[in-house]
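First the structure, in the form of structure tokens, and then the observations on it.
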Amino acid sequence: MDASGRNLFSMLIKFLTERMFKHLRKWFVTHFFVHSRQRSRLVSKDGRCNIEFGNVDVQSRFIFFVDIWTTVLDLKWRYKMTVFITAFLGSWFLFGLLWYVVAYVHKDLPEFHPSDNHTPCVENINGMTSAFLFSLETQVTIGYGFRCVTEQCATAIFLLIFQSILGVIINSFMCGAILAKISRPKKRAKTITFSKNAVISKRGGKLCLLIRVANLRKSLLIGSHIYGKLLKTTVTPEGETIILDQININFVVDAGNENLFFISPLTIYHVIDHNSPFFHMAAETLSQQDFELVVFLDGTVESTSATCQVRTSYVPEEVLWGYRFVPIVSKTKEGKYRVDFHNFSKTVEVETPHCAMCLYNERDARSRMKKGYDNPNFILSEVDETDDTKM
């Protein structure tokens, strides 16, 4: 290889090396530096709240056991199943132990060598194992077979009645808790999805913050209502610092914000006017802001009539200024309406004022020009008057 070929080859190697290091540096910054400065958020994208309670006294913790029904419903499945199994096995073993005590006190066990004419309290209880089986058969009412209570002692009859009543209570509570856990409307909320990002662009001549929301089921949410809360740290005039101060954000669609016909994806928007907390923000300073926009959707499940709430949140990095959502609803040749969820969160860049104040100042200037106010082309010229009449 001659000198020119070697120089060309070395330049190619240098170019590829620079491109590779540039790509690696970009990947490193994206995956490490950006994630390291990721903002903490109160509400995750799937609606879970990132909050913990510290220094709760013992008396306050005891309140959770007073409201045992809600406590059991809020348990995770692994803990709920542990409680479920423990409740049944524990009650069977406890009453099995009591039946064994009854047989022991009445001397019904084989170790006491009862006579042939001896009538036991419970037939065929020979030890702890048979007492446990009798307790299980009594509580779940699956039939006794050859183990049964006799009329010999009142203690066994009372214990039989007490276990039967307590068994019904345990069955009702635990089966009801499992059924309520399965049918909770919280699972229905999983089929409501929000767009990954919020966008800011013009809509109807106004600067708006837009979010897309979709119902993945064909069944409706009745009486749906959508609203938002802006969470940020504020300092009062008295010098008090309020963390997670809440500001109401009104979201609407073209038909209002209540009783939504939520059969297809909707684009909800918040008008950025003088009363909006986004009014003094601009495209250049949006990423430097410290806030979290939490969006709520409340509704009633059509099939169960249970109310549910869906939540999501957006931090400044997830609000795109100067973009709008791609249309996703189309009509087929067969006359059906088709929703393409592949483009659900896709956005396109559009021409947008870089701040709301600029848009309103521009509109005010145009309105004044139409009324003739402050016309810069108007020039006042003075004319000297001469006296043409002479006496």
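We use all heavy atoms of the structure for the numbers below, so side chains are in, but hydrogens, waters and symmetry mates are not. Everything quoted here is computed from the prediction, not taken from an experiment.
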Stepwise side chain to side chain contact (heavy atoms under 4.5 Å, CB included) check, N197 with T347: CA-CA 9 Å; N197 297 301; T347 58; 5.6 Å; no
CA sep, side-chain torsions, deciding dist, call: V295, I211, side chain to side chain contact (heavy atoms under 4.5 Å, CB included): CA-CA 9 Å; V295 183; I211 297 172; 3.6 Å; yes
Full working for side chain to side chain contact (heavy atoms under 4.5 Å, CB included) between L230 and Q246: CA-CA 6 Å; L230 188 70; Q246 301 184 14; over 6 Å; no
Stepwise side chain to side chain contact (heavy atoms under 4.5 Å, CB included) test for T138 and L160: CA-CA 7 Å; T138 300; L160 175 66; 3.3 Å; yes
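Judged purely by atom type and a 3.5 angstrom limit, T300 has no side-chain atom pairing as donor or acceptor with the backbone of G223. Under a 3.5 Å cut-off, the side chain of S201 and the backbone N or O of Y323 do form a donor-acceptor pair. Side-chain N or O atoms of Q289 include none that pairs as donor or acceptor with a backbone N or O of M281 at under 3.5 Å. Between the side chain of S276 and the backbone N or O of D273, no donor-acceptor pair lies under 3.5 Å. Under a 3.5 Å cut-off, the side chain of H270 and the backbone N or O of F251 do not form any donor-acceptor pair. For R212 (side chain) and P265 (main-chain N/O), no donor-acceptor pair under 3.5 Å exists by modelled atom type. Put simply, the side chain of T191 never gets that close to the backbone of L216: no donor and acceptor are under 3.5 Å apart. Looking only at distances, no side-chain donor or acceptor of R324 sits under 3.5 Å from a matching main-chain atom of R203.
With sequence neighbours excluded, the residues that form a salt bridge (Lys or Arg N to Asp or Glu O under 4.0 Å) with D46 are R48. Residues passing the ring-ring contact (aromatic ring centres under 6.0 Å, His included) test with F194: none are found, sequence neighbours excluded. A search for side chain to side chain contact (heavy atoms under 4.5 Å, CB included) contacts involving S172 returns V168, not counting sequence neighbours. Residues satisfying the ring-ring contact (aromatic ring centres under 6.0 Å, His included) criterion with F112, sequence neighbours excluded, are Y104. Remark: E318 engages R41, K45 in a salt bridge (Lys or Arg N to Asp or Glu O under 4.0 Å) (not counting sequence neighbours). By the ring-ring contact (aromatic ring centres under 6.0 Å, His included) test, H118 is found to be paired with H106, residues two or more places apart in sequence or in another chain being considered. Listed by chain and residue number, nothing satisfies the ring-ring contact (aromatic ring centres under 6.0 Å, His included) test with F325 (two or more places apart in sequence, or in another chain).
Hydrophobic clustering (ILVMFWY, side-chain heavy atoms < 4.5 Å, transitive): L73 and I169 are in one cluster. Hydrophobic clustering, with ILVMFWY side chains joined whenever heavy atoms are under 4.5 angstrom apart, keeps F88 apart from L94. Taken together through direct or relayed side-chain contacts under 4.5 Å among Ile, Leu, Val, Met, Phe, Trp and Tyr, L133 and F93 form parts of separate hydrophobic clusters. Using a 4.5 Å cut-off between side-chain heavy atoms of Ile, Leu, Val, Met, Phe, Trp and Tyr, with links allowed through other members, L166 and F173 fall into the same hydrophobic cluster. M128 and V105 are members of different hydrophobic clusters when ILVMFWY side chains are connected at heavy-atom separations under 4.5 Å.
The aromatic rings of F296 and Y227 sit parallel, their planes meeting at an angle under 30°, below the 60° perpendicular limit.
The minimum heavy-atom distance between G127 and L109, with the atom names listed, is N-CD2, 4.2 Å. Of all heavy-atom pairs spanning Y314 and S195, the tightest one is OH-O, 2.7 Å. The two atoms that bring E292 and L42 nearest to each other are OE1-N, 2.7 Å, heavy atoms only. Summarising the geometry of A156 relative to W99, their closest heavy-atom pair is O-CH2, 3.2 Å, with the distance given to 0.1 Å. Taking every heavy atom of both residues into account, P353 and W321 meet most closely at O-NE1, 2.8 Å. Taking every heavy atom of both residues into account, L221 and L297 meet most closely at CD1-CD2, 4.4 Å.
Sequence neighbours left out, not one pair with a member in residues 269-354 passes disulfide bond (SG atoms under 2.5 Å apart). Identified under the side-chain hydrogen bond (donor to acceptor under 3.5 Å, both in side chains) test for residues 76-97, with sequence neighbours left out: S91-Q139. Counting only residues at least two apart or in different chains, disulfide bond (SG atoms under 2.5 Å apart) contacts with residues 64-126 comprise C121-C153.
With values rounded to the nearest 0.5 angstrom, I249 atom CD1 is found 5.0 Å from F278 atom CZ. To the nearest 0.5 Å, atom CD of residue Q163 and atom CG of residue L136 are 9.0 Å apart. Atom-to-atom distance recorded for T285:OG1 and H354:NE2 is 9.0 Å, nearest 0.5 angstrom. Once rounded to the nearest 0.5 Å, the distance linking CG of D298 with OG1 of T307 reads 8.0 Å. Note that SG of C355 is 11.5 Å distant from CD1 of I200, once rounded to the nearest 0.5 Å. Atom OG1 of T234 and atom CG of D290 lie 11.0 Å apart (nearest 0.5 Å).
Two residues are said to be in side-chain contact when any heavy atoms from C-beta on lie closer than 4.5 Å; I161 and I157 meet this criterion. Looking at K229 and N248, their side chains come closer than 4.5 Å, going by heavy atoms from C-beta outward. Put simply, the side chain of V122 does not reach to within 4.5 Å of the side chain of Y100, judged on heavy atoms. With contacts defined as side-chain heavy-atom distances shorter than 4.5 Å, the pair E151/T119 does not qualify.
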Please list, one pair per line, the donor and acceptor atoms closer than 3.5 Å that link side chains of residues 64-71 to other protein atoms, with sequence neighbours excluded.
unit_1 : atom_1 : unit_2 : atom_2 : d
D67    : OD1    : T70    : OG1    : 3.2
D67    : OD2    : T70    : OG1    : 2.9
T71    : OG1    : F64    : O      : 2.5
T71    : OG1    : D67    : O      : 2.9

N/O donor-acceptor pairs under 3.5 Å from side chains in residues 334-342, not counting sequence neighbours:
unit_1 : atom_1 : unit_2 : atom_2 : d
E334   : OE1    : T332   : OG1    : 3.3
D340   : OD1    : H342   : N      : 3.1
D340   : OD2    : N343   : ND2    : 3.3
H342   : NE2    : K346   : NZ     : 3.3

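Heavy-atom neighbours of E111 CD from other residues, nucleotides or ligands within 6.0 Å: above the threshold of 12. Enclosure of atom CD in E284 by more than 12 non-hydrogen atoms of other residues, nucleotides or ligands within 6.0 angstrom is indicated. In this structure, I182 places its CD1 atom where more than 12 heavy-atom neighbours from other residues, nucleotides or ligands lie under 6.0 Å away.
T233 pairs with exactly one of D245, I242, T241, L244 by the side chain to side chain contact (heavy atoms under 4.5 Å, CB included) rule, that one being T241.
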